[in-house]
Novice: 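Here you go, one structure.
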Amino acid sequence: YRGSVLGSLAVGRMGQQLRKISHRFPDLITFIAMTNFSKSRFVDGGFDEKQIMIKEHAIKDPGEGNQSRERKILFVGRLSHEKGADLLCRVAPRIDAEVMIIGGGPEYDALSRIKPDNVTMLGPLPREVMFKHMQSATAVAVPSRWFEIGPLTVLEAFATGTPVVASNLGTPTELVTHGVTGLLAAPDDDLAWEQAFRALLSSPEMARQMGRNARAAYLQRFTEAAN
């Protein structure tokens, strides 16, 4: 847990105790999972699936972006190893677009040193400023290396009508429909990510259609009214 052996042991012990308590009082305890994937992880860990209900995230509508987008790939999130922002620094020199990285974290300084010229590090930004960047981007990148339980970045991108390029593991595979609301690529497969970005950048109409599909998915499933 966060690079700590003691922390991992503590969290594991807490999970064991919680599981025992839930089995002892099955009619009194219900867990809420944000996605089918997160529910499956609890079930794999020994929790009773009948005690787990799914309630998806909801976010306030920030407004749809312009149909005409800039040649810009956007990353929003914590700059730590598991989030995979370094992949963007590797791929960026091979795509004709600006890559903008929003967020802070332990890898900020290292990424700032290795980034190519077409990568801009913006640091943490107010939410409304982040949404303005998202509303003008061709795509939002979610290159996570580890399981994501429910990345809000995907929903934020959908809400702004922006397609998502995400790693094909964990919750993003449940949220992003490949070829419909975005594209999926294997973690750390630089060529696959380059090809995904090139596909969207070279075909603005395809990117726009995926963005419209993403916005429709948001309106159907992830608004405050829907949840």
Side-chain angles (χ1 to χ4, degrees), residues 34-38 40-41 65 69-103 105 107 110-111 114-116 118-121 133-134 136-218 222:
M34 301 301 175
T35 63
N36 285 300
F37 172 77
S38 57
S40 73
R41 300 303 295 172
R69 298 297 181 100
E70 299 173 21
R71 293 181 65 83
K72 178 170 70 179
I73 305 298
L74 187 68
F75 171 95
V76 179
R78 176 175 164 80
L79 300 182
S80 53
H81 176 75
E82 67 273 12
K83 295 296 187 178
D86 56 294
L87 175 140
L88 300 179
C89 290
R90 297 196 304 270
V91 171
R94 303 199 294 271
I95 61 173
D96 180 21
E98 183 178 10
V99 176
M100 305 188 78
I101 296 178
I102 296 176
E107 292 199 342
L111 292 174
I114 67 170
K115 72 176 186 66
N118 63 329
V119 172
T120 302
M121 307 283 295
H133 285 290
M134 198 171 274
S136 63
T138 294
V140 169
V142 184
S144 303
R145 293 187 170 95
W146 298 354
F147 289 143
E148 291 275 9
I149 297 301
L152 286 177
T153 302
V154 174
L155 308 191
E156 290 165 346
F158 282 11
T160 62
T162 308
V164 174
V165 182
S167 296
N168 60 354
L169 80 168
T171 294
T173 63
E174 188 176 330
L175 300 177
V176 179
T177 303
H178 184 73
V180 178
T181 56
L183 298 171
L184 297 170
D188 281 318
D189 186 339
D190 292 11
L191 179 59
W193 283 81
E194 176 189 346
Q195 291 173 339
F197 292 144
R198 285 182 179 274
L200 294 173
L201 291 164
S202 65
S203 180
E205 180 50 41
M206 180 179 73
R208 281 193 291 270
Q209 184 57 55
M210 287 187 186
R212 289 191 286 268
N213 295 340
R215 174 71 179 176
Y218 163 74
F222 306 116

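Treat the numbers as computed from the prediction; the structure is a model and nothing was measured.
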Novice: May I ask you to test the Thr153-Glu148 pair for a side-chain heavy-atom distance under 4.5 Å?
Specialist: no
Novice: So, Arg212 versus Gln209: side-chain donor-acceptor pair below 3.5 Å or not?
Specialist: yes
Novice: Minimum heavy-atom separation for Ala97 to Lys72, with atom names?
Specialist: CB-N, 4.5 Å
Novice: Side chains of Asn168 and His178: closer than 4.5 Å at any heavy-atom pair?
Specialist: no
Novice: Restricting to non-hydrogen atoms, name the atom on Gly84 and the atom on Arg145 that form the minimum distance, rounded to 0.1 Å.
Specialist: CA-NH1, 3.4 Å
Novice: Does some side-chain heavy atom of Pro151 sit less than 4.5 Å from a side-chain heavy atom of Thr171?
Specialist: yes
Novice: Rounded to the nearest 0.5 Å, how far does CG of Leu169 lie from CZ of Phe147?
Specialist: 5.5 Å
Novice: Does some side-chain heavy atom of Phe197 sit less than 4.5 Å from a side-chain heavy atom of Val99?
Specialist: no
Novice: Run the numbers on Val140 and Glu156 for side-chain contact (heavy atoms from CB on, under 4.5 Å), then give the verdict.
Specialist: CA-CA 9 Å; Val140 169; Glu156 290 165 346; over 6 Å; no
Novice: Where is the tightest heavy-atom contact between Ile73 and Ala141, given as atom of each residue plus distance?
Specialist: CG2-CB, 4.1 Å
Novice: Calculate, to the nearest 0.5 Å, the distance between atoms CG and CD belonging to Asn36 and Glu174 respectively.
Specialist: 4.5 Å
Novice: How long is the gap from CZ on Arg69 to OG1 on Thr138, to the nearest 0.5 Å?
Specialist: 8.0 Å
Novice: Which heavy atom of Ala85 sits nearest to which heavy atom of Ile101, and what is that distance?
Specialist: O-CD1, 4.4 Å
Novice: Taking the side chain as everything from C-beta on, heavy atoms only, tell me whether Ser167 gets closer than 4.5 Å to Trp193.
Specialist: yes
Novice: Donor-acceptor pair, Arg71 side chain versus Asp96 backbone, under 3.5 Å?
Specialist: yes
Novice: Using modelled atom types only, decide if a donor and an acceptor are shared between the side chain of Arg198 and the backbone of Arg94 within a distance under 3.5 Å.
Specialist: yes
Novice: Measuring from Thr177:OG1 to Leu183:CG, what's the distance to the nearest 0.5 Å?
Specialist: 11.0 Å
Novice: How far apart are the closest heavy atoms of Ala166 and Val176, and which atoms are they?
Specialist: CB-CG2, 4.4 Å
Novice: Mind checking the OG-CD1 spacing from Ser202 to Ile95? Nearest 0.5 Å is all I need.
Specialist: 11.5 Å
Novice: For residues Phe158 and Phe222, report the shortest heavy-atom separation together with the two atoms involved.
Specialist: CD2-CE1, 4.4 Å
Novice: Taking Glu194 first and then Arg90, would you say they form a salt bridge - that is, a charged N and a carboxylate O separated by under 4.0 Å?
Specialist: no
Novice: So, do Val142 and Val164 sit near enough that their side-chain heavy atoms are less than 4.5 Å apart?
Specialist: yes
Novice: Please confirm whether the backbone N or O of Leu200 pairs with a side-chain atom of Ser203, one donor and one acceptor, at under 3.5 Å?
Specialist: no
Novice: Is it true that a side-chain atom of Thr162 and a backbone atom of Ala139 form a donor plus acceptor pair closer than 3.5 Å?
Specialist: no
Novice: Side chains of Cys89 and Pro116: does their closest heavy-atom pair fall under 4.5 Å?
Specialist: yes
Novice: Evaluate the ring planes of Trp146 and His81, with Trp represented by its six-membered ring, and classify them as parallel (under 30°), tilted (30 to 60°) or perpendicular (over 60°).
Specialist: perpendicular
Novice: Given 3.5 Å as the limit, does a donor-acceptor pair link the side chain of Arg215 with the main chain of Ala159, or not?
Specialist: yes
Novice: Distance check, rounded to the nearest 0.5 Å: Leu175 atom CG versus Leu184 atom CG?
Specialist: 10.0 Å
Novice: Within a strict 4.5 Å, meaning less than it, do heavy atoms of the Ile102 and Met134 side chains meet?
Specialist: no
